[in-house]
Amino acid sequence: MDRLLRPLGATLALLAFRGSGCGASQPSLGLVTVAGLRGDAISSDTTPELARLQQGAALSRRVITPVPDTVAAAATLMTGRDADRLGIRYGDLARLPRGAPTLAEKLRAEGYRTVAFVGQGSLSPLSGLLRGFQQSLVPVNVGDVPVLADESQRALPRAGGWISATKLADAVGGYLLDHSRRGLFIWVHLADLSLALEQGTRDPEVAYQEALVEIDEAIGYLRESLETYQMADHTVLAVVSLHGEALGEAGELRHGLSLTDSVVNVPVVVGGRGARTPGDTGQRAQNDTPFPLAGLHELLLESVGLGPAPAATPTTAFVATWWPSRDYGWPDLAAAASREGWLRLDPEPRFVPAGSPDDQAVPWESAPAELRQRLEQAGFLPSRSSEHSAAERDQVLRSMARARAAANGGDTDAALETLRHAVELAPGAIGPLRAYLLVARQAESSAPQSLLDALAEPTTSAPARVIDLARLLVEHDRDERAATLIEELSRSSLSSGERLALARLYESIGAREAAVEQIEAAEAEEDFPAPELCEWKADQLLRAGNTYRARLAYEQALESSARVSTQRSPYVLAKLGDCLASLSEHDQALQRYAEAVRIDPTYRYPHARAADVLLEQGQQEMAAHALILSLPEISDPVARALQRAQRLQQRGLLGHAASELSATLEQHPHDDALEVQLARVYLQAGQPEQARKLVSEVLARSPDATAALKLAERIESGESGSQGGRDDASAGSDR
């Protein structure tokens, strides 16, 4: 980088030196990324923790995000390359190229322990942004159906779910309790600000401010955790906004459609113990020279003492958004900035020299060659036109805002009418159409047939827009037409991320084998198969009934994970065990279940599946023990005995169920629930007299005991009791 960036890197290197002490081992790095933090959001009143960090910062300034999209901007920060040069335009279609090593991969190669706490589902393993992390906490994809019955706590492919800033901060504190050390890289991503606006149930500014308080408190808790576990003296703490939020500027309520200052000019604060350097920090904070988000990558590495001073590279800051074209059919927006000024395409090209107001723009040709070249390399040309005027675009956005307000206020009829007008203003646009169909569904109103028919006739072949059309068709039960679009799309030249989106579409219409083909095509673009792709492929094969191929894919996932992680996934091991059990390879299945439990002792599913295999082998004693281990721990001894007995009884282990109940009855004699459950076991075992005796004793003490009365009727009717625990709920109510 040039002389502008050299003193910044030197300042951060000084921070690492002063914080860790001369001759100390590797300092730690805490990176907090925030989706939606505006450049004007930090103040001593609303964000006291961020303001405190800012006051003692080695670096506190605005940077220019290259794309107002969380995944694309995170990819830039993690790799040091602008998103367009990574081939990423849209976060939901993103897949990080394998040839772009991440910050975590570089730090791990230097001996760092790497862990990620991610609060936003779009930053899933399939984005590639979790490469290099040895451990990660990511949200559950609530829209997916897990293969295993109790898999609800693991992350599944692609976007979905979120974790609040408060919970993430607690998780980081818990991790530091066990892993406080030097040479630790922790990435924490907070998504509360964007989520507050996405939900759209309240006034945007009020929702934003409330979420901002949560973000600030979480960052304060992270700082306190570093102090508590004596890491503050050797940790560099960086807070980086990936993009801002418009909150009404240019008619936009969130981000992605405009390049307003509030969206693209975002804050960065890097601090830690002894961060202030007299005569330097204040100067850095006031430096308004455009600074690209990509440049922070090398500066963060420098902050922990890795690598020499950055080499000279262009300082041009680049920003673009492709969402206007995708959502509304308008020209995309782009800009490049340097010391000389801004070169903008919005949509007509204009260059605004540094220090000049926007209304003093000069022609494109007057801009420095460096800026013109940067935009041309990204695919933007000065000859741009749109069939929609700026006034028409503004009218559409205002209609969308009015419809949102009406829908939030419960007036869905007004919202639908306003959105219908927006659809007419921008025919064929995905954004207004998607909003109309969403409100219609929420209001349980039938969408006009003409709108749904229009979906089936796309006017574009751009993969992103065709994928959007297919998604809407699937959501509105037009699977047959969606399948046609998907099939046509599969013959196009697609990026890795687009292929994964296509695989998800195939999965949504039940075309598992076709989904596998697209996943394999994405795998082929990798240096080696990514573990999450292998696992996703195996899941599809398993659901399609191809157990043998699923087994091979799960084994491939384990082999691949050994190259990127220090331990194997217990979830993949359990699924591999299921495949082996289905193929009657029982001993190998038991080995996989045992290994899964060794890695995660709290994971109960492998115990339950091992019990099934052991029962099939006739090893009842071991099966009973495994079944008990598969149950959650309960402190109440009577409730615990009932739970265990019911599970054992369901699996036909009646002797073990009776022993469990009898042993507890010795400590808690004459307990109605225990005796009724034991009577059920006796009845199922073909011992009605012993069952009748126990029920009679219960009724003698409690004549109105519902469960005992029902069981007495069954005994007198001659039922065998083979249904075991069908009155379990009643037994619980007796207590």
Side-chain angles (χ1 to χ4, degrees), residues 125 134-136 138 140-141 144-157 507 512 515-516 519 523 529-633 644 647-648 650-653 656:
Q134 294 161 291
Q135 291 180 257
S136 61
V138 292
V140 173
N141 184 340
D144 205 340
V145 179
V147 174
L148 307 179
D150 65 345
E151 290 284 55
S152 61
Q153 295 306 309
R154 77 179 196 86
L156 293 166
E507 182 181 8
R512 308 286 186 191
V516 169
I519 295 171
E523 281 182 329
E532 62 268 20
L533 289 185
C534 298
E535 182 182 357
W536 187 13
K537 177 175 67 175
D539 290 347
Q540 298 308 304
L541 290 167
L542 190 60
R543 292 171 186 170
N546 196 330
T547 307
Y548 181 75
R549 283 189 64 196
R551 168 197 174 171
L552 297 178
Y554 285 131
E555 289 175 341
Q556 186 183 32
L558 291 173
E559 180 182 353
S560 180
S561 67
R563 302 181 63 170
V564 296
S565 178
T566 56
Q567 69 178 25
R568 303 209 276 184
S569 165
Y571 310 107
V572 176
L573 284 164
K575 288 193 243 186
L576 176 56
D578 286 350
C579 290
L580 293 167
S582 297
L583 296 169
S584 299
E585 298 183 28
H586 296 147
D587 290 341
Q588 291 191 47
L590 291 172
Q591 290 174 8
R592 298 301 184 276
Y593 294 139
E595 186 176 355
V597 172
R598 280 197 299 272
I599 294 172
D600 183 359
T602 66
Y603 190 25
R604 298 189 302 272
Y605 177 83
H607 290 298
R609 292 293 293 119
D612 291 336
V613 174
L614 290 166
L615 279 174
E616 194 168 340
Q617 292 181 326
Q619 302 184 51
Q620 294 194 357
E621 194 69 34
M622 295 178 65
H625 179 65
L627 277 176
I628 289 174
L629 290 175
S630 73
L631 298 172
E633 187 60 36
R644 292 179 176 184
R647 181 62 65 89
L648 291 164
Q650 289 168 359
R651 302 299 178 91
L653 296 168
H656 292 84

Worksheet entry | Sub-4.5 Å side-chain heavy-atom contact between V572 and S561 | no
Worksheet item: Side-chain contact, heavy-atom cut-off 4.5 Å: I599 with R568?
Response: yes
Practice prompt. Apply side-chain hydrogen bond (donor to acceptor under 3.5 Å, both in side chains) to T602 and list each qualifying residue two or more places apart in sequence or on a separate chain.
Written response: D600
Worksheet item: Any Lys/Arg nitrogen of K575 or D578 sitting under 4.0 Å from an Asp/Glu carboxylate oxygen of the other?
Response: no
Worksheet entry | All side chain to side chain contact (heavy atoms under 4.5 Å, CB included) counterparts of H607, not counting sequence neighbours | V597, L629, S630
Practice prompt. Please name the pair of heavy atoms, one in P606 and one in A574, separated by the smallest distance, quoted to 0.1 Å.
Written response: CG-CB, 4.3 Å
Discussion item. Name the residue from R512, E535, R549 that meets the side chain to side chain donor-acceptor pair (under 3.5 Å) definition with Q540.
Written reply: R512
Discussion item. Nearest 0.5 angstrom please: D587 CG to Q617 CD, how far?
Written reply: 5.5 Å
Worksheet item: In this structure, which one of Q620, H625, Q619 forms a side-chain contact (heavy atoms from CB on, under 4.5 Å) with L614?
Response: Q619
Worksheet entry | Heavy-atom closest contact (L558 atom, L573 atom, distance) | CD1-CD2, 3.6 Å
Practice prompt. Taking all heavy atoms of P570 and all of Y603, pick out the closest pair and write down the distance.
Written response: O-CE2, 3.6 Å
Discussion item. Tell me the closest heavy-atom pair linking A553 and A538, and the distance in Å.
Written reply: CB-CB, 3.5 Å
Worksheet item: Are any of the side-chain heavy atoms of Y571 and Y605 separated by less than 4.5 Å?
Response: no
Discussion item. Can you list everything that forms a side chain to side chain contact (heavy atoms under 4.5 Å, CB included) with E621? Sequence neighbours excluded, please.
Written reply: H656
Fill in: By side chain to side chain contact (heavy atoms under 4.5 Å, CB included) - contacts of A594 (at least two apart)
R598
Practice prompt. Output all residues satisfying side-chain hydrogen bond (donor to acceptor under 3.5 Å, both in side chains) with Q591, sequence neighbours left out; order by chain, then residue number.
Written response: none
Worksheet item: Is the closest side-chain heavy-atom distance between Y554 and D539 below 4.5 Å?
Response: yes
Response to the item:
Residues passing the side chain to side chain contact (heavy atoms under 4.5 Å, CB included) test with P601, sequence neighbours excluded, are none
Discussion item. When you compare the side chain of Q556 with that of E523, does any pair of heavy atoms fall below 4.5 Å?
Written reply: yes
Discussion item. Quick check for you: to the nearest 0.5 Å, what is the distance between L590 atom CG and M622 atom CE?
Written reply: 7.5 Å
Worksheet entry | Minimum heavy-atom distance G577-A589, with the two atoms named | O-CB, 3.4 Å
Discussion item. Would you say that E507 contacts R543 through its side chain, given a criterion of any heavy-atom pair below 4.5 Å between the two side chains?
Written reply: yes
Worksheet, complete the sentence: On a heavy-atom basis, the closest approach of L653 and A623 is CD1-C, 4.3 Å
Discussion item. Tell me whether E559 at atom CD has more than 12 heavy atoms from other residues, nucleotides or ligands lying less than 6.0 Å away.
Written reply: no
